[in-house]
Visitor: 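Structure below; questions to follow.
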Amino acid sequence: MTPLEELRHSASHILATALLRIYPDAKLDIGPPTDTGFYYDVDLDHKLTAEDLAKIEAEMKKVAEENQPFLRKEVSREEAVEIIKSRGQERYKLGRLADIPEGEKISFYQNGEFMDLCAGTHVRYSSKVKAFKLLSIAGAYHRGSEKNKQLQRIYGTAFATKDELAGYLEQMEQAKHRDHRKLGKDLRLFVIDEDVGQGLILWTPNGSVIRQELQTFISEELRKQGYSQVFTPHIGKLELYKISGHFPYYKESQFTPVVENESLARILREGCSCAEMVVRLDAVSSHLAAQVNARTGTETITADRVKPDDQLLDGFMLKPMNCPHHIKIFSSQPHSYRDLPVRLAEFGTVYRWEQSGELNGMTRVRGFTQDDAHLFCTEDQVAGELLGCLSLVKIVLNTLGMSDYRVRVGLRDPDSNKYTGAKENWDKAESACREAAKTLGVAFTEEPGEAAFYGPKIDFVVKDVIGREWQLGTVQVDYNLPIRFDLTYSGADNQPHRPVMIHRAPFGSMERFCGVLIEHFGGDFPVWLSPEQVRLVPISERTIDYGRDVLSRLKAAGVRATLDEHNDKLGAKIRRAEIEKVPYTLVLGAKEAEAQSVSVRSRARGDEGIVPVDQFLAKILEDIRLRSLSEKKKPA
RNA sequence: GCCGGCGUAGCUCAAUGGUAGAGCACCUGUUUUGUAAACAGGCGGUUGCGGGUUCGAAUCCCAUCGCCGGCUCCA
């Protein structure tokens, strides 16, 4: 345990000590340190409030001042049971004791009157813990399972010094200003309207500029890398997803199917309970089941889903993924090995039923657009194609100056059987992913259990301003769908062969990526992405006409510019442009009008002096063309 | 979905059972401005929505929708 973790862990014991003084009947579960602080999970009939938190914190201060030594005591399993029972903490602590493997040491730590089952380690005296703060109360399931009782989790943080604590709290406060939900509102980038629906993003004109620029950017890269762009509809027949296996496997996280009119009329005529309707929507024909099961070599469609044809209901689904549609484009023509790889790309909008409590601004939504593509290739081509996909992700991240991410190679969970496909294919795919990740030149972690059910993947994960991790770009190898859809190509031997699919999305989703990007730049977008690139500010009404003249020249060159015609003093107009985070403000007075020039004020560098209009135009056009990053804002 | 908190003008917030208010934004006028806020006036509300208690509800109660923090989930 690091010294800081030790401190925080001790703080959580002090929290428990104080808590039991105030609520002696509280049943404790577990109280570990975290990346940013500590928590303790507690079962207590009384619902803790913010006022209670203040009381507990005051009591914690007393415990700290009592300067209690932390004493370690090693005991036998039997003694441990006795201690736990004597303290009335058997409800959760006996279970935690049982988690300790036979043969391992069992220890308690005591400070003052409090004693807790704990491996340690701790600070030596409670007075070491002097810079701490309780932050919030939240529900948390015992052992993280929603089947168990929900406990109250008390979150807090602690640092070695009061200055560090104050610094951390200040940093959290600052982070709020960069939150994409706040900036999205302030800069009018997107809105979510409750009448439209939770988790459904409305891209306003400003946000749409950013999205459009990003799409143009990636489209240029796709053309260089030999992709073909396609368009597909937002819905597809239920049967399509029964073949792919997405329905009903992911039914819980999909929108309810749209039942076809004919089917709807039939069930209204015949009468049909809700439960029966669900069963009939899930069901597949014996014909389809036989085909898919034969191809996969396993019972992927189980007997209880098979129904006679006249019991089936037909309908459409909002697409939860783009792959089935792209597969149908691929399979609409015969392919030779000479055609491969086929790379089909689309900004494809998909819909998923995320739990209401999970929705979050633009980063977790119910409808989002993936910068998706599916590559159909031979097995020999997989490794090379993976490298191409990763280089695309790198280009994206480099261009945007995003270096604060981690890479995760998602592998099979060796203890699970949810994965489809032959072991040899998995071995090959996993090693291809691992080798490809190595070429990135950044550290990556291999995480068993993080693979998709159809194949391993390489994910790029970033943190938002309040430390939550989000998966952005992803590259996935898939041996499963080509089998389910019976995809083939003719090999050099004139025999049919099975292609391998790669799914990849460098941004992941446009919504999530833009959300993270807003926070990454704190709203100070580089010129090429800025919704408004130039603000023209006449010093008085006398130079408005000159402003109109400059405006039309900028617009003709394709620069996004506006003219501030408000009847305000110069300072007020500059202030407005600053608040709206426009990268360049051009001040126009009599001198400038006379010389066909502009006085340039940059968001990053302040007043840069007077230059001819043409010179400014050439410079900004070059920055836009190169997609240059803005210089960091000078500290205020 | 679960636990807890919150919901007042476009935005930030005030009003603790007794006439819904301020600043900014917006509109009009005066001012004609040189690098982060000129001055004055005006517009703007069924206090998220629906019920209830009360002589009287933004305020108390119930229900519902949404938002925030966590938990669970995430092809």
Visitor: Counting side-chain heavy atoms from C-beta on, which of B:C26, B:G69, B:C2 comes nearest to A:Tyr141?
Guide: B:C2
Visitor: How is A:Glu541 classified with respect to the nucleic acid when contacts are heavy atoms under 4.0 Å: base, sugar-phosphate, or nothing?
Guide: base
Visitor: What is the minimum heavy-atom distance between A:Pro257 and A:Leu281, and which atoms define it?
Guide: CG-CD1, 4.3 Å
Visitor: Using heavy atoms to find the nearest nucleotide of RNA chain B for A:Lys457 and A:Lys182 separately, return the residue whose nucleotide is more 5′.
Guide: A:Lys182
Visitor: What about A:Phe132 and A:Phe38, are their ring centers closer than 6.0 Å?
Guide: no
Visitor: Please report the C-alpha distance between A:His374 and A:Asn322 in whole Å, then the side-chain angles of each, then the deciding distance to 0.1 Å, and finally whether the side chain to side chain donor-acceptor pair (under 3.5 Å) criterion is met.
Guide: CA-CA 9 Å; A:His374 295 93; A:Asn322 299 305; over 6 Å; no
Visitor: What integer distance in Å separates A:Leu588:CG from B:U35:C1'?
Guide: 12 Å
Visitor: Using side-chain hydrogen bond (donor to acceptor under 3.5 Å, both in side chains) as the criterion, list what pairs up with A:Lys569, not counting sequence neighbours.
Guide: none
Visitor: Atom CZ of A:Arg408 to atom C1' of B:C74: distance rounded to whole Å?
Guide: 10 Å
Visitor: Given the P atoms of B:U16 and B:C68, what is the spacing between them in whole Å?
Guide: 28 Å
Visitor: Taking the side chain from A:Asp52 and the backbone from A:Thr49, do they hold a donor-acceptor pair closer than 3.5 Å?
Guide: yes
Visitor: Please work out if A:Glu608 contacts a base, only the sugar-phosphate, or nothing of the nucleic acid, heavy-atom cut-off 4.0 Å.
Guide: nothing
Visitor: Between A:Arg153 and A:Asp29, is there a salt bridge with N-O shorter than 4.0 Å?
Guide: no
Visitor: The side chain of A:Ile579 is closest to which nucleotide in this list: B:A37, B:A36, B:G34?
Guide: B:A36
Visitor: Need to verify one output field. Residue with the more 5' nearest nucleotide on RNA chain B, A:Lys573 or A:Asp179?
Guide: A:Lys573
Visitor: Starting the side chain at C-beta, find the nucleotide from B:G4, B:C74, B:C2 nearest to A:Arg364.
Guide: B:C74
Visitor: Would you please confirm or rule out a distance under 4.0 Å between OP1 or OP2 of B:C71 and any side-chain N or O of A:His142?
Guide: no
Visitor: Examine B:G69: is either OP1 or OP2 under 4.0 Å from a nitrogen or oxygen in the side chain of A:Asn360? Give yes or no.
Guide: yes
Visitor: Using the P atoms only, state how far B:G50 lies from B:A14, rounded to an integer number of Å.
Guide: 25 Å
Visitor: When the C1' atoms of B:U54 and B:G29 are compared, how many Å lie between them, rounded to an integer?
Guide: 48 Å
Visitor: Any side-chain N or O of A:Arg601 below 4.0 angstrom from OP1/OP2 of B:A36?
Guide: yes
Visitor: Base, sugar-phosphate, or nothing: which does A:Gln471 touch, judged by heavy atoms less than 4.0 Å apart?
Guide: nothing
Visitor: Measure from the side-chain heavy atoms of A:Lys185 and tell me the nearest of B:C11, B:G69, B:C67.
Guide: B:C11
Visitor: Once pairs are restricted to Watson-Crick or G-U wobble with both distances under 3.5 Å, how does RNA chain B read as a dot-bracket string, [ ] for crossings and | for other-strand pairs?
Guide: (((((((..((((....[..)))).(((((.......))))).....(.(((..]....))).))))))))....
Visitor: Base, sugar-phosphate, or nothing for A:Leu151, non-hydrogen atoms under 4.0 angstrom?
Guide: nothing
Visitor: Give one of base, sugar-phosphate or nothing for A:Gly571, where a contact means two heavy atoms less than 4.0 Å apart.
Guide: sugar-phosphate
Visitor: Touch check for A:Gly589, heavy atoms < 4.0 angstrom, all strands: base, sugar-phosphate only, or nothing?
Guide: base
Visitor: Expressed in angstrom and rounded to an integer, what is the separation of A:Asp45 atom CG from B:G4 atom P?
Guide: 12 Å
Visitor: Indicate the ring-plane relationship of A:Phe616 and A:Tyr584, choosing parallel, tilted or perpendicular according to the 30° and 60° boundaries.
Guide: perpendicular
Visitor: OP1 or OP2 of B:C68 less than 4.0 angstrom from a side-chain nitrogen or oxygen of A:Arg468, does that happen here?
Guide: no
Visitor: CD of A:Gln355 versus P of B:G66: gap in Å, rounded?
Guide: 14 Å
Visitor: Any side-chain N or O of A:Arg576 below 4.0 angstrom from OP1/OP2 of B:A37?
Guide: no
Visitor: Looking at every heavy atom in both A:Met362 and A:Trp203, which two are closest together, and how far apart are they?
Guide: CE-CH2, 3.7 Å
Visitor: Using atom P of each nucleotide, how far apart are B:U46 and B:U59 to the nearest Å?
Guide: 15 Å
Visitor: Would you indicate which nucleotide in B:C68, B:U35, B:G1 comes nearest to any side-chain atom of A:Ser356?
Guide: B:G1
Visitor: If you look at every strand shown and take non-hydrogen atoms under 4.0 Å, does A:Ala138 touch a base, only sugar-phosphate, or nothing?
Guide: base
Visitor: Quick one: which of B:A75, B:U33, B:C3 gets closest to the side chain of A:Ser253?
Guide: B:A75
Visitor: Taking the six-membered ring for Trp, are A:Phe485 and A:Phe330 ring centroids under 6.0 Å apart?
Guide: no
Visitor: In whole Å, what separates the C1' atom of B:U8 from that of B:G44?
Guide: 14 Å
Visitor: Nearest-Å distance, CG (A:Leu359) to C1' (B:C74)?
Guide: 12 Å
Visitor: Between B:A63 and B:A25, how far is it from one P atom to the other, in whole Å?
Guide: 42 Å
Visitor: B:C74 C1' sits how many Å from A:Glu252 CD, rounded?
Guide: 13 Å
Visitor: Applying side-chain contact (heavy atoms from CB on, under 4.5 Å), run through A:Arg576 and A:His566 and close with a yes or a no.
Guide: CA-CA 11 Å; A:Arg576 191 153 45 230; A:His566 284 87; 3.3 Å; yes
Visitor: Output the single nucleotide from B:G34, B:G66, B:A36 whose closest atom is nearest the side chain of A:Glu194.
Guide: B:G66
Visitor: Choose from B:G34, B:C68, B:U35 the nucleotide whose nearest atom is closest to any side-chain atom of A:Asp607.
Guide: B:U35
Visitor: Aromatic rings A:Phe460 and A:Tyr405: how do their planes relate, parallel, tilted or perpendicular, breaks at 30° and 60°?
Guide: tilted
Visitor: Would you say A:Tyr155 reaches B:C71's phosphate, i.e. side-chain N/O to OP1/OP2 under 4.0 Å?
Guide: yes
Visitor: In whole Å, measure the gap between the P atoms of B:C3 and B:A57 for me.
Guide: 31 Å
Visitor: Write down the distance between CG (A:Asp43) and P (B:C71), rounded to a whole number of angstrom.
Guide: 18 Å
Visitor: With sugar-phosphate meaning primed atoms plus P, OP1 and OP2, does A:Ala451 contact a base, only sugar-phosphate, or nothing at under 4.0 Å between heavy atoms?
Guide: nothing
Visitor: Checking contacts here: which listed nucleotide (B:C68, B:G66, B:A75) is nearest the side-chain heavy atoms of A:Gln198?
Guide: B:G66
Visitor: So what does A:Tyr249 hit on the nucleic acid, given a heavy-atom distance under 4.0 Å: a base, only sugar-phosphate, or nothing?
Guide: nothing
Visitor: Hey, is the main chain of A:Thr232 close enough, under 3.5 Å, to the side chain of A:Glu346 for a donor-acceptor pair?
Guide: yes
Visitor: If you check the A:Asp568 side chain, which of B:A37, B:G34, B:A38 turns out closest?
Guide: B:A38
Visitor: Could you give the CD-to-P distance, from A:Gln254 to B:C73, as a whole number of Å?
Guide: 19 Å
Visitor: Kindly confirm whether the side-chain ring of A:Tyr250 is stacked on the base of B:A75, judged by centres under 5.5 Å and planes under 30°.
Guide: yes
Visitor: When you compare B:A58 with B:A9, how far apart are their C1' atoms, in angstrom units rounded to a whole number?
Guide: 14 Å
Visitor: May I ask you to verify whether the side chain of A:Gln150 and the base of B:G1 hold a donor-acceptor pair under 3.5 Å?
Guide: no
